[in-house]
Amino acid sequence: MLNEYLPILILFIINIAFAVGIIIFSHFLGPRKSSAEKLSPYESGVPPVGDTRIRFSVKFYLIAMLFIVFDIEVVFMYPWAVIFKKLGLFGFVEMFVFIGILLIGYVYVWKKGALKWE
Amino acid sequence: MQFAIQWLVDKFSFLSPISILLLISLMFIVGTVVLLLAMLYEGLGTYALRKIGGDIQVRIGPNRVGPVGLLQFLADGVKLFLKEDIVPTVVDKKLFILAPFITFAASCAAFVALSYSDRLVISNLNIGLFYLLAISSLVVIGVIMAGWASNSKWSLLGGMRAAAQIVSYEIPIGLSLLSVILITQSLNMGEIIRSQSGGWGILNWHIFHNPFVFISFFIYFTAALAEVNQTPFDLPETESELVAGYFTEYSGMRFGFFFMAEWGEIFIVSAIAVTLFLGGWQLPIINNLDIHIYLKNLLQLGVFLGKTFLLIYLMLWIRWTLPRLRVDQIMYMCWKVLLPFAFFNIIGTGLWLLIFKGKGIPELVIQLFS
């Protein structure tokens with residue numbers, strides 16, 4: 001455990017420390033001449049119009065939901081794949097049924113038009 | 001890394017405070033070296049991008065700083081470093097500042113789990129591939145954070161598009177890698193590579209194992225292009241439409257971190273493709289060489305990096321050749337083309353392994369003729 005996961009933790013710490021250090025350094029090294037125009041959000045040169053936090057397409061929400069569903073299936077398949085040879089035919093048939101059920105849902109989603117992007 | 005730790009543990013025979021201290025400091029040194037090398041690669045990557053772009057478009061490309069412009073990335077780095085640190089007034093400050101760190105740390109942390117040569121493994125995870133997939137999905141959190149926190153219309157659109165695209169294409173990636181896992185029965189990067197050794201050289205690579213894995217490779221590569229926002233799928237960053245997508249409001253080093261993270265991601269997806277499909281650090285000639293183990297490992301490292309850079313070159317080539325797709329075309333490609341094919345491939349590979357008892361095409365052909 002220690003051998004394998006400690007380097008990752010340490011690398012994370014180094015990464016964050018390094019990045020924060022660079023930002024702090026660059027903050028003090030760079031010029032500091034801010035003006036109201038410079039600190040306003042970029043909108044191709046004109047003053048920002050209206051609020052940014054408007055409603056956006058519901059499609060993104062649908063994609064997020066579908067992603068969670070399908071990603072859980074993928075995560076579930078990994079342990080199955082690792083012991084596939086041990087399970088043999090039994091494992092294959094089980095997964096075949098599982099993917100079959102998944103495909104029914106997939107076809108339903110497709111027919112409902114959730115995968116259509118307009 | 002594990003060999004070094006083993007050596008330390010053997011040397012002190014028990015974990016004394018000194019050995020633990022040595023161990024931790026060793027890890028810190030290795031971590032720093034990994035980070036520095038990763039950043040060197042990321043800098044050279046931006047140079048390669050522009051030079052290859054110049055080459056393909058019959059331009060010269062950067063050629064002023066250093067020999068043939070090789071030091072351009074250092075000049076760019078210094079320039080970014082000395083830029084003013086701008087945090088617009090309307091942004092969600094905490095998230096805005098946090099986003100580049102998350103993206104950068106996640107993309108650099110992925111470098112530890114790769115198997116660069118037989119012995120050069122920094123962290124020998126038994127779930128290496130799983131770790132890589134998980135850690136590279138962390139990038140999307142930084143991206144959506146940046147897009148939302150910037151409070152700019154370009155950033156919001158870019159962030160939303162990026163999030164939708166990256167999460168969508170994660171599914172074909174996960175599924176296409178499964179067909180290799182079915183063959184290797186392991187998620188450890190080193191073991192996956194070692195399972196591709198054997199008497200028939202290149203034909204032992206998993207990509208030639210059976211037709212389904214062959215298709216899987218192309219599904220993976222296509223999805224990987226979308227995952228790292230490379231050109232036919234670079235909707236999130238479309239310079240000509242969204243200014244710079246989710247990092248429009250970022251400047252100076254914060255922008256630099258997003259850029260470096262992107263190059264880190266490109267390396268990681270190419271390295272995964274090399275490890276799983278293209279034999280990793282193996283090349284038939286080097287496998288049979290009878291030379292000192294360190295020299296051999298060095299050669300293997302060279303082979304691994306060479307293969308990875310070839311794939312990166314391919315990505316850049318595609319980037320400078322193809323026009324961009326529309327958002328609806330990208331979503332169509334993912335959900336209605338790659339996804340069914342990926343499912344089909346898993347079933348196909350499973351069936352193949354059952355029918356031919358785990359043997360690949362080369363083995364079967366040889367059996368047929370003997």
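In what follows, chains carry the letters A, B, and so on, assigned in the order in which the sequence lines appear, proteins first and then strands, with residues in each chain numbered from 1.
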Quick one: do A:N15 and B:F111 satisfy side-chain contact (heavy atoms from CB on, under 4.5 Å)? Show the steps, please. CA-CA 12 Å; A:N15 283 345; B:F111 281 86; over 6 Å; no

Begin with the C-alpha distance, continue with both residues' side-chain angles, and end with the deciding distance and a verdict on side-chain contact (heavy atoms from CB on, under 4.5 Å) for B:T184 and A:V82. CA-CA 8 Å; B:T184 59; A:V82 171; over 6 Å; no

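Ring geometry for B:F81 versus A:F25: interplanar angle of 30 to 60°, hence tilted. The aromatic rings of A:F18 and B:F104 sit parallel to each other, their planes meeting at less than 30°, with 60° as the upper class boundary.
Both the backbone and the side chain of A:A19 come within less than 4.5 Å of a heavy atom in chain B. Only the side chain of B:M39 comes within contact range of chain A, judged by heavy atoms closer than 4.5 Å. For chain A, no part of B:P100 is nearby; none of its heavy atoms comes within less than 4.5 Å. Contacts between B:R326 and chain A at a heavy-atom distance below 4.5 Å are absent for every atom of the residue. Using a 4.5 Å cut-off between heavy atoms, B:I171 touches chain A through backbone and side chain atoms alike. Residue contact with chain A, scored on non-hydrogen atoms closer than 4.5 Å, involves the backbone and the side chain of B:K336 alike. The parts of A:V20 that come within reach of chain B are both its backbone and its side chain, each placing non-hydrogen atoms under 4.5 angstrom from that chain. In this structure, no portion of B:I97 lies under 4.5 Å from any heavy atom of chain A. Interface residue A:F60: only side-chain heavy atoms are found under 4.5 Å from chain B. Heavy atoms of B:I127 lying under 4.5 Å from chain A belong exclusively to its side chain.
The two residues A:F92 and B:I347 make their nearest non-hydrogen contact at CE1-O, 3.5 Å. Listed here is the closest heavy atom pair of B:A105 and A:I16: CB-CD1, 3.7 Å. Of all heavy-atom pairs spanning B:Q185 and A:K86, the tightest one is OE1-N, 4.4 Å.
Side-chain atoms of A:K85 come within 3.5 Å of backbone N or O of B:I183 as a donor-acceptor pair.
Here the options are B:L175, B:I346, B:L133, the test is side chain to side chain contact (heavy atoms under 4.5 Å, CB included), and the partner is A:V74; only B:L175 passes.
In summary, the aromatic rings of B:W335 and A:F70 are positioned with their centroids under 6.0 Å apart.
Contact tally against chain B (heavy-atom pairs below 4.5 Å) for A:F12, A:F28, A:Y78: the top residue is A:Y78.
A distance of 10.5 Å separates OG of B:S168 from CG of A:D71, quoted to the nearest 0.5 Å.
Within residues 96-106 of chain A, the residues having any heavy atom under 4.5 Å from a heavy atom of chain B are, by residue number, A:F96, A:I99, A:L102, A:L103, A:Y106.
B:S179 is linked by a side-chain hydrogen bond (donor to acceptor under 3.5 Å, both in side chains) to B:S216, counting only residues two or more places apart in sequence or in another chain.
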